[in-house]
Amino acid sequence: MAERLIGIYSSLGLDVAEKLIGKVIELRKQHELLPLAIAALDSGGHLVAFRREDGCGILRSDIAIGKAWGSLGMGMATR
């Protein structure tokens, strides 16, 4: 007997996450900041989208995901 699959939906869609990341990179360039690693997580703490710019250090991805996850857990911005 085949089981029926139940769809799992994120609270943050991929299209919205990619637009947010694009806007962050646009602002980074506008303000002439150093290259970024950007992580977009949904409300459950699951990674939806990630982008790392050329020139980022090897730990930047782990730090970006950790900061986003910590922000969700604390319920406040990490800036």
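Everything quoted here is computed from the prediction, not taken from an experiment.
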Ignoring hydrogens, what is the shortest heavy-atom contact between [X] and [Y]? Give both atom names and the distance.
{"X": "Ala17", "Y": "Ala40", "answer": "CB-CB, 3.8 Å"}
{"X": "Val48", "Y": "Leu12", "answer": "CG1-O, 3.6 Å"}
{"X": "Phe50", "Y": "Ile21", "answer": "N-CD1, 4.0 Å"}
{"X": "Ala37", "Y": "Arg60", "answer": "CB-O, 3.7 Å"}

Whether the side chain of Ser11 engages the backbone of Ser43 through a donor-acceptor N/O pair (distance < 3.5 Å, no angle test) should be reported.
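At least one qualifying donor-acceptor pair exists.
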| query | Would you say Ser71's side chain and Met76's backbone share a donor-acceptor pair under 3.5 angstrom? | reply |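 A pair under 3.5 Å: yes.
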query: Can you find a heavy atom in the side chain of Leu36 that is under 4.5 Å from one in the side chain of Ile25?
result: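 No, every pair of side-chain atoms sits at 4.5 Å or beyond.
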field: Within-4.5 Å side-chain heavy-atom neighbours: Trp69 and Leu41
entry: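 Yes, at least one pair of side-chain atoms sits under 4.5 Å.
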Kindly check if the number of other-residue, nucleotide or ligand heavy atoms within 6.0 Å of CD1 (Ile58) is above 12?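 Counting other residues, nucleotides and ligands, CD1 of Ile58 stays at 12 neighbours or fewer.
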Query raised in the report: Are any of the side-chain nitrogens in Arg28 or Glu53 under 4.0 Å away from the carboxylate oxygens of its partner?
Result: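 Result for this pair is yes, salt bridge flagged.
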- Query: Rounded to the nearest 0.5 Å, how far does CD1 of Ile38 lie from NZ of Lys23?
  - Reply: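 Between atom NZ of Lys23 and atom CD1 of Ile38 there are 13.0 Å.
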